[in-house]
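Below, read A as the first sequence line, B as the second, and so on, with proteins coming before strands; counting in each chain starts at 1. When reading the values below, keep in mind they use all heavy atoms of this one structure, side chains included, and skip hydrogens, waters and symmetry mates.
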Protein chains: 2
Amino acid sequence: MVSMKEIAQKCGVSVATVSKALNDKDDIAESTKEMIRKVADEMGFMANASARALKTNRTYNIGVLFTNDDAGLAHDYFSIILNSFKVAAEEEGYDITFVNHKIAGRESTYLKHCEYRNFDGVAIILADFKDPEIIELAESKLPAVCIDYEYYNCSSVVSDNTKGLLDIVRYAGSMGHRKIAYIHGELTDVTKNRLMGFYDGCREQGITVDPSYVLQSNYHDIEQCSECTRKLLQLEDRPTCIICPDDYSAMGCLRVLAQEGLSVPEDMSVIGYDGINMAMINGMTTYMQDSIGLGRIAFRKLADKIDHPEIPAEHSVVFGKFIVGRTVAKIGD
Amino acid sequence: MVSMKEIAQKCGVSVATVSKALNDKDDIAESTKEMIRKVADEMGFMANASARALKTNRTYNIGVLFTNDDAGLAHDYFSIILNSFKVAAEEEGYDITFVNHKIAGRESTYLKHCEYRNFDGVAIILADFKDPEIIELAESKLPAVCIDYEYYNCSSVVSDNTKGLLDIVRYAGSMGHRKIAYIHGELTDVTKNRLMGFYDGCREQGITVDPSYVLQSNYHDIEQCSECTRKLLQLEDRPTCIICPDDYSAMGCLRVLAQEGLSVPEDMSVIGYDGINMAMINGMTTYMQDSIGLGRIAFRKLADKIDHPEIPAEHSVVFGKFIVGRTVAKIGD
DNA sequence: TACAAAAAAGTAAACGTTTTCGTAAAAAGG
DNA sequence: CCTTTTTACGAAAACGTTTACTTTTTTGTA
C-alpha cells in the first residue's frame, strides 16, 4: 500500500502538504495540488480509513442492526427498507456495516460493538425492541434512528399504521363487508396503532366488532396465521373478510382456505399488509407500505443527527397506499 | 471514550502492560491481568478498532459485494446466501460491510474501496461478473471468494447446476414428459452448466430436443419469462412441460398460463429453480439450491484464504435437492 | 527599496493501539 | 552467596493520517 509519505518523497514536499492537497484545503497552491494529485493517481494511492478515522473521529461508516432471527436478510419487507437505506447511504459516501454483539469472537453488546467500530451512527432496522441491549443502544449518545418503533430520545421513522388499517376497513366496508375479522401481530406499538385504525374504521362504518373476530398471531408467521384462520372458520357466525398481520403470513390464511375448499374472494375475502412483491404479483388486496421511502427517510434523519447531534429526536411518519387486488369480493347486493 | 492510557494510569502500569493484559499475552502476571481487566470493565473500556487496524493491518471486517440493481438485498435467492454468510462471519468475529464504488462521496472503484477500508477479504455475492471493476477485484491480491461464478485465481463456490437440470429433466421424463421446454437465463457459466444438464438429461431419456423449445430469457425477470411462455404457447406443437430460469420468473410463466386459461399442472407442467420461499409455499416443483450452505462455505473458504493467503484458489460445488411439488402432471398413460 | 500582508509550505504532535527490545527483579541452580 | 535463567513489566517506535502552529516565500504597497 502506497502511503502519503511515499508521495511526499516523490513530489519533494511534506506529508502535510500531500494531505492538504488531497483534501483540497485552501492553503495549498493550485499548481501543487495538481502535481500531487497526479502523482498520487499514478502511484495508485488510496487513503487509509483507519488512520483517518483515528485522527478525525469520523468513520463515514454506519452500523445497521438487522437481526438474524426470523428470515434475517431474506425478510420480504425489511430487506427492502434496508436496501433503500443502503442506497441512500452510499449515495452520500457512507458505508454500512452490520452490528452484532460479538467483538473479535467474544460476546459483547450492540453498543460496545458500535463503539469499537466507531460508527458515526446506527440504524435499528429490524430488532427485538424489548431487548435491553437494543434499548441501551437506542438511548445512548450515539446518533441513532429506529424503524417502526419509537424510543424517547431516539429519532424514528414509522409507517402510518393507523391510517393503513383505517383504509383497509373502509374499503372492506365499501365492498359491503360488515363481518370483518382482524388477525393482528404481537402487541407492539405498530399493532396498537393498527388496532386503533381497525376500531376507528369499524366505528365509522357503524360496525360493532365481534371480539371473537379479533385474534392475535405473530408477524411473518404462516403457521400462527393459519391457526387463527382455522379458528375463524370454526365460528358459528363466520366473518366474510379476514385482515391478516402481513402479506407473508396471509399465505397461511390462503392455504387454509384452499384446504377447506373455500375460494378467494368468492367464499372469503382476504386482505394483507405490506405490499410485498409476492403479494403484488398474486393480486393480493393489501396496504403497501412505502418501504423505500422508509429507508431513505431513515437515512436522512440519521445523517442529519450525525451532522447536528444537538437536534432533538424526531419522529416521522411515512404514508403508504391502499392496493386494490383481487382478493376482496363485493357482497350483500 | 476511555482509552488504554486512562486504564494504565488508574492501574499504575504502562499502556503496554494494559494492551498485553487485555490481549492475554503470556508475559503478564495472571494477577496483573485480572486487576487490569477488572478496572477496564469498570471504566467501560472498549478498544478502538481503527487504532488496532492501523497497527495490525487486520480489520476483521469483510467486504461484501451485493449490487443494488435488480431486487438488491430483497433478492429472494441471494439474500439468503448473504444472510448465511453474515451469520457464519459473525460467528467467527468478523463484521461485514458492503462494498460500493464511492469513497467519501466521490466515485472510485470496488478495489479501491476495499483498500480504503482495509477489508481482510471480500465476498462477491451478487454482481455483474463481466464488469471490469469486478474482474479487477476478483483477480487482485485481496483474498476473495465468488459465488456462482469462477475466475481464474479467485476461490469460488458454485451450485451444482448441471446436476440440477439433469435431475429436473429426469423427473419430467419419469412423469412421461417428452416435450420439455427450457427457458434459460443469460448465457453465463451458470446457464451453460444448466444447459449441459438439460441436454444430457434429454439424451439420457432419448429425447431429441426441439430447438424452438429452448429459449433465452433473463434471471429474475418476470416479463421476459412471460414473453417466452407466450412464444411457447404459440408453437404448433406445444411442449407439455416448461422449465423456467428460476422460481421467481416462473411466476410470469404461471401468470401467462392462467391468462390463457390453462391450468397447472393439468394443461401444462411448470418447473422452477432455486427453491425460494414463495415457491415452496406455493407447491412449486423446483430444484432447491442449498443457499445456506453456499453462504456458509463461501465464508469458510474466504476465512481460510485470509489466514493462509498462500493457498491456491479453490472451486467448491454445493449440491441442492430436487423438490417434488404440485406443478408437474403425470402424462401419457 | 523596504516592509507589511497574504499565500504556500513545513514541523511536529496527536489519535489509540501493538510490539520489539531492553531491563529490573525474582527464581533457580551450583 | 554468586551466577544464570526466568518472569514481569516498561520505553519507545510505529502504523498513516490530520491539523494547529510556525516558517518561508511571494505579492502588494508606499
Side-chain angles (χ1 to χ4, degrees), chain A residues 1-37 39-40 43-61 93 103-104 112-120, chain B residues 1-37 39-40 43-61 93 103-104 112-120:
Chain A
M1 284 293 78
V2 22
S3 68
M4 288 191 178
K5 201 199 272 183
E6 298 167 54
I7 299 192
Q9 277 163 0
K10 194 141 203 164
C11 291
V13 299
S14 74
V15 173
T17 303
V18 173
S19 169
K20 289 192 275 191
L22 295 177
N23 286 311
D24 206 24
K25 301 287 181 184
D26 52 12
D27 64 342
I28 299 294
E30 198 52 49
S31 54
T32 315
K33 282 186 190 174
E34 271 170 34
M35 186 259 270
I36 291 177
R37 278 197 279 252
V39 173
M43 299 182 73
F45 171 77
M46 179 45 44
N48 181 313
S50 302
R52 182 176 286 176
L54 185 58
K55 209 34 207 165
T56 62
N57 245 332
R58 199 83 152 65
T59 54
Y60 282 94
N61 197 3
I103 294 176
K112 285 282 172 209
H113 186 258
C114 292
E115 291 178 355
Y116 176 65
R117 288 285 179 198
N118 275 296
F119 295 138
D120 291 341
Chain B
M1 284 293 79
V2 23
S3 68
M4 287 192 178
K5 200 199 273 184
E6 297 166 55
I7 301 194
Q9 277 163 359
K10 195 144 202 164
C11 291
V13 299
S14 74
V15 174
T17 304
V18 173
S19 170
K20 289 193 272 192
L22 295 178
N23 287 312
D24 206 24
K25 301 287 181 185
D26 51 13
D27 65 339
I28 299 295
E30 199 51 50
S31 56
T32 315
K33 281 185 189 173
E34 271 170 34
M35 186 260 266
I36 291 177
R37 279 197 277 250
V39 173
M43 298 180 74
F45 170 77
M46 179 44 45
N48 182 314
S50 302
R52 182 176 287 177
L54 185 57
K55 213 28 209 163
T56 61
N57 245 331
R58 199 80 153 70
T59 54
Y60 281 93
N61 198 3
I103 293 176
K112 285 280 172 210
H113 186 259
C114 292
E115 291 177 356
Y116 177 65
R117 287 285 179 198
N118 275 295
F119 295 139
D120 291 341

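Atom CG in A:Asn57 sits roughly 14 Å away from atom P in D:dT18 (whole-Å rounding). A:Leu22 has its CG atom 15 Å from the P atom of D:dG16, to the nearest Å. Following rounding to the nearest Å, B:Met46 (CE) and C:dG16 (C1') show an atom-to-atom distance of 14 Å. Rounding to whole angstrom units, NZ of residue B:Lys33 and P of D:dC9 are separated by 10 Å. Rounded to whole Å, atom C1' of C:dG10 lies 15 Å from atom CE of A:Met4. What separates CD1 of A:Ile7 from C1' of C:dG10 is a distance of 17 Å, to the nearest Å. One interatomic measurement links the two molecules: CD1 of B:Ile28 to P of C:dA24, which rounds to 18 Å at whole-angstrom precision. Note: CG (B:Asp24) to P (D:dC9) measures 13 Å, nearest angstrom.
Two residues, B:Ala51 and B:Thr17, neighbour DNA chain C, and the one matched to the more 5' nucleotide by heavy-atom proximity is B:Ala51. Comparing B:Asp27 and B:Thr56 against DNA chain C, the residue whose closest nucleotide sits nearer the 5' end is B:Thr56.
Nucleic acid contact for A:Thr32: sugar-phosphate only, since backbone atoms but no base atoms lie under 4.0 Å from a heavy atom of the residue. No contact: A:Ala53 has no heavy atom under 4.0 Å from any strand. The residue B:Ala16 sits close to a base: some heavy atom pair falls under 4.0 Å.
In the set D:dT17, C:dG16, C:dA8, the nucleotide with an atom closest to the side chain of A:Leu54 is C:dG16.
Within the structure, every side-chain polar atom (N or O) of B:Arg52 is placed at least 4.0 Å from both OP1 and OP2 of C:dG16. Distances shorter than 4.0 Å separate none of the side-chain N or O atoms of A:Lys55 from OP1 or OP2 on D:dG16. The side chain of A:Lys25 places an N or O atom within less than 4.0 Å of a non-bridging phosphate oxygen (OP1 or OP2) of D:dT19. One finds a side-chain N or O of A:Ser14 lying less than 4.0 angstrom from the OP1 or OP2 phosphate oxygen of C:dG10. OP1 or OP2 of D:dT18 sits under 4.0 Å from a side-chain N or O of A:Asn23. Applying the 4.0 Å criterion to OP1 and OP2 of D:dT19, one finds that A:Ser19 has every side-chain N and O outside that range.
Under the 4.0 Å criterion applied to side-chain N and carboxylate O atoms, A:Arg37 and A:Glu34 are not assigned as salt-bridge partners.
For the atom pair A:Leu22 CG and A:Ile36 CD1, the distance stands at 6.5 Å (nearest 0.5 Å).
A:Val2 approaches A:Gly44 most closely through the heavy-atom pair CG1-O, 3.8 Å.
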Practice prompt. Starting from the C-alpha separation in whole Å, work towards a yes-or-no answer on side chain to side chain contact (heavy atoms under 4.5 Å, CB included) for B:Ile103 and A:Met46.
Written response: CA-CA 10 Å; B:Ile103 293 176; A:Met46 179 45 44; 3.6 Å; yes
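Using a 4.5 Å heavy-atom threshold, the side chains of A:Asn57 and B:Met1 count as separate.
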